[in-house]
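Numbers here are sequence positions counted from 1. All values derive from a computational prediction rather than experimental measurement.
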Amino acid sequence: MGIEPLEGGIKCDDIINALEGHILDEYTFNPVKAISNVDPKYNKDPTLSDKVHCLVCVLPADSVSRMEDDVFAKMKHVRAHASLLGIPQVIIMTKADKACELVNQDLKKIYYSRKINAKAAECSNNVGISLNAIYPVKNYPESIMQEPDTDVLILTALRDILNFANDYVEREMEKEEP
C-alpha cells in the first residue's frame, strides 16, 4: 500500500508512527483509519532500533508529472515530520529508461539526460527533497539476467541510503550518551 490521492492508501499518521517506531512487525495497515495507541501492534516505548533510520520515497520517473497534488502534499507532510525527527530522506526515481529514450538506449547517459534532470527537479520541487538525494534507476521489468549498468545505479543508491541511516543512528546514539 502506498500514498494515494484523497482518502485512499496508507494514512500519513501511520507513516509518521512507523517513523517514530510505534508500529510493531506484522501490523496490517488500514486504509480507513490509522493505528491507535490502544492497538496491540502499537509500540508505546520504541527504542532506536524500532525507529526508521532513513525515509525512502519511490517515485516513477515516467509518471511523476501526472501525479496528483494531494499525493505530493501527503508526502511533504510526512517528510516535514521526518525532518523534525532528523531522519534523512531520499527518492528512488524508478523507470528512468521509460521517461527518456536516450537513457533507454544507453543507461550510462542517465546523469547527462535533460529529461531525467527535469524529472529529478520536478520530484525535488514537489516533495522537497534536494536533488543530490534523488537517485534515478532502471527497473528490471522482464530480464532475469543481471545488467551491470542497471545494478550500479541501484547499488549506489542503496550504499548511500545505508550511509545516511548509519549517520542518523550514530547521531542518535551520541544524543543518548551522558
Side-chain angles (χ1 to χ4, degrees), residues 1-12 14-16 18-19 23 29 31 51-169 171:
M1 183 184 317
I3 295 178
E4 300 291 333
L6 304 173
E7 294 301 316
I10 193 170
K11 298 292 180 200
C12 288
D14 276 344
I15 298 171
I16 290 168
L19 291 173
I23 296 182
F29 291 95
K51 298 176 183 181
V52 170
H53 303 145
C54 185
L55 175 63
V56 179
C57 302
V58 180
L59 296 174
D62 65 335
S63 60
V64 71
S65 299
R66 297 186 306 271
M67 290 177 66
E68 296 187 31
D69 291 340
D70 187 45
V71 172
F72 288 123
K74 289 178 181 182
M75 292 175 80
K76 281 183 178 180
H77 175 71
V78 169
R79 199 191 77 66
H81 198 83
S83 292
L84 289 174
L85 297 171
I87 298 171
Q89 304 142 43
V90 303
I91 292 176
I92 302 293
M93 194 172 66
T94 63
K95 301 181 182 178
D97 56 315
K98 304 285 187 210
C100 176
E101 185 56 34
L102 176 69
V103 171
N104 189 35
Q105 292 172 4
D106 185 358
L107 196 55
K108 291 177 183 164
K109 296 186 179 180
I110 197 163
Y111 292 111
Y112 303 104
S113 165
R114 287 187 188 133
K115 282 187 182 179
I116 297 303
N117 288 333
K119 296 290 185 181
E122 188 173 3
C123 286
S124 177
N125 291 335
N126 288 331
V127 180
I129 293 177
S130 66
L131 280 170
N132 65 350
I134 298 176
Y135 297 87
V137 299
K138 176 185 174 185
N139 294 37
Y140 272 110
E142 297 121 14
S143 174
I144 59 170
M145 298 298 296
Q146 291 184 335
E147 300 170 14
D149 291 342
T150 301
D151 292 345
V152 76
L153 293 172
I154 195 65
L155 289 173
T156 299
L158 181 59
R159 180 204 59 207
D160 288 356
I161 290 167
L162 291 172
N163 286 335
F164 293 143
N166 188 57
D167 291 347
Y168 169 79
V169 169
R171 282 192 307 273

Novice: Determine whether the side chains of Lys119 and Ser65 contain a donor N or O and an acceptor N or O closer than 3.5 Å.
Specialist: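 On atom types as modelled, these side chains qualify, holding a pair under 3.5 Å.
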
Novice: Determine whether more than 12 heavy atoms belonging to other residues, nucleotides or ligands lie under 6.0 Å from atom NZ of Lys51.
Specialist: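 Counting neighbours around NZ of Lys51, more than 12 heavy atoms of other residues, nucleotides or ligands fall under 6.0 Å, so yes.
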
Novice: Report yes if the side chains of Asp149 and Lys108 come closer than 4.5 Å at any heavy-atom pair, otherwise no.
Specialist: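 Touching, per the 4.5 Å side-chain cut-off.
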
Novice: Please check this pair: side chain of Ser83 against backbone of Arg79, looking for a donor-acceptor N/O pair closer than 3.5 Å.
Specialist: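 Between the backbone of Arg79 and the side chain of Ser83 there is a qualifying donor-acceptor contact (under 3.5 Å).
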
Novice: Does Phe72 reach the side chain of Met67, with side-chain heavy atoms less than 4.5 Å apart?
Specialist: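 The answer is yes; the side chains approach within 4.5 Å.
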
Novice: Compare all side-chain heavy atoms of Asp106 with those of Tyr112 and state whether any distance is below 4.5 angstrom.
Specialist: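 No, every pair of side-chain atoms sits at 4.5 Å or beyond.
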
Novice: Any chance you could measure Ile116, atom CD1, to Ile110, atom CD1, to the nearest 0.5 Å?
Specialist: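 Rounded to the nearest 0.5 Å, the CD1-CD1 separation comes out at 5.5 Å.
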
Novice: Please report the interatomic distance CD(Gln89) to CG(Leu55), rounded to the nearest 0.5 Å.
Specialist: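 One finds 5.5 Å between CD of Gln89 and CG of Leu55.
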
Novice: In the structure I gave you, are the side-chain heavy atoms of Glu101 and Lys115 within less than 4.5 Å of one another anywhere?
Specialist: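 No. Closest side-chain heavy atoms not under 4.5 Å.
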
Novice: Please tell me if the side chains of Ile23 and Phe29 come closer than 4.5 Å, counting only heavy atoms from C-beta onward.
Specialist: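 Yes, side chains in contact.
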
Novice: What's the shortest heavy-atom distance between Arg171 and Gly86, and which atoms?
Specialist: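 Looking at all heavy atoms of both residues, the closest pair is NH2-O, 3.4 Å.
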
Novice: Do Leu19 and Val78 make a side-chain contact, defined as non-hydrogen atoms from C-beta onward lying under 4.5 Å apart?
Specialist: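 Yes, at least one pair of side-chain atoms sits under 4.5 Å.
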
Novice: Within this structure, what is the SG-CZ distance for the pair Cys100 and Arg114, rounded to the nearest 0.5 Å?
Specialist: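 Output value for this atom pair is 10.5 Å.
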
Novice: Taking atom NZ of Lys95 as the centre, report whether more than 12 heavy atoms of other residues, nucleotides or ligands fall under 6.0 Å from it.
Specialist: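 At most 12 heavy atoms, drawn from other residues, nucleotides or ligands, come within 6.0 Å of this atom.
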
Novice: Calculate, to the nearest 0.5 Å, the distance between atoms NZ and CG belonging to Lys138 and Leu153 respectively.
Specialist: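 Going from the NZ atom of Lys138 to the CG atom of Leu153 covers 10.0 Å.
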
Novice: Is Asn117 reaching over with its side chain to a backbone N or O of Ser113, donor-acceptor style, under 3.5 angstrom?
Specialist: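 Yes, because the side chain of Asn117 sits within donor-acceptor range (under 3.5 Å) of the backbone of Ser113.
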
Novice: With side chains defined as the heavy atoms from C-beta onward, is the minimum distance between Ile3 and Ile15 less than 4.5 Å?
Specialist: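 Side chain of Ile3 against side chain of Ile15, heavy atoms only: contact under 4.5 Å found.
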
Novice: Is there a donor-acceptor pair under 3.5 Å between the side chain of Asn126 and the backbone N or O of Glu122?
Specialist: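 The answer is yes, because a donor-acceptor pair under 3.5 Å joins these two groups.
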
Novice: Under a 3.5 Å distance rule, please check whether Asp97 uses its side chain to pair with a backbone N or O of Val103 as donor and acceptor.
Specialist: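 Flag not set: sc Asp97 to bb Val103 has no pair under 3.5 Å.
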
Novice: So how far is it from Arg159 CZ to Asn163 CG, rounded to the nearest 0.5 Å?
Specialist: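 Between Arg159 CZ and Asn163 CG, I get 6.5 Å after rounding to 0.5 Å.
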
Novice: Please report the shortest heavy-atom distance between Ser130 and Ile134, naming the atom on each side.
Specialist: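 Closest pair (atom of Ser130, atom of Ile134, distance): O-CG1, 3.6 Å.
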
Novice: For residues Cys123 and Ile91, report the shortest heavy-atom separation together with the two atoms involved.
Specialist: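 Result for this residue pair: CB-CD1, 3.9 Å.
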
Novice: Checking side-chain contact (heavy atoms from CB on, under 4.5 Å) for the pair Ile87/Tyr168: CA distance, chi angles, key distance, verdict?
Specialist: CA-CA 7 Å; Ile87 298 171; Tyr168 169 79; 3.9 Å; yes

Novice: Where is the tightest heavy-atom contact between Thr94 and Pro60, given as atom of each residue plus distance?
Specialist: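 For Thr94 and Pro60, the tightest heavy-atom pair comes out as OG1-CA, 3.4 Å.
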
Novice: If only atom types and distance count, is the side chain of Asn166 paired as donor or acceptor with the main-chain N or O of Leu162 below 3.5 Å?
Specialist: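 Not a single qualifying donor-acceptor pair exists.
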
Novice: Can Glu147 and Leu107 be said to form a side-chain contact (heavy atoms from CB on, under 4.5 Å), step by step?
Specialist: CA-CA 10 Å; Glu147 300 170 14; Leu107 196 55; 5.7 Å; no

Novice: With the threshold set at 4.0 Å, does a side-chain nitrogen-carboxylate oxygen contact exist between Lys74 and Glu4?
Specialist: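 No salt bridge links Lys74 with Glu4.
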
Novice: Say whether, by atom type as modelled, one donor and one acceptor occur between the side chain of Ser124 and the main chain of Ala120 under 3.5 angstrom.
Specialist: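 Side chain of Ser124 to backbone of Ala120: no pair is present.
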
Novice: Side chains of Asp151 and Tyr140: donor-acceptor distance under 3.5 Å anywhere?
Specialist: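 The criterion, which ignores hydrogens and geometry beyond distance, is satisfied for Tyr140 and Asp151.
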
Novice: Roughly how far apart are Leu155 CG and Asp160 CG, rounded to 0.5 Å?
Specialist: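 Reported value, rounded in 0.5 Å steps: 11.0 Å.
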
Novice: So does Arg66 get a backbone contact from the side chain of Glu68, meaning a donor-acceptor N/O pair under 3.5 Å?
Specialist: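 Side chain of Glu68 to backbone of Arg66: no pair is present.
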
Novice: For a 4.5 angstrom cut-off between non-hydrogen side-chain atoms, does Ile92 reach Leu59?
Specialist: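 A side-chain contact is absent here, since even the closest heavy-atom pair is not under 4.5 Å.
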
Novice: Of all heavy-atom pairs between Ile161 and Cys54, which one has the smallest distance, and what is that distance?
Specialist: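 Between these two residues, the closest heavy atoms are CG2-SG, 4.0 Å.
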
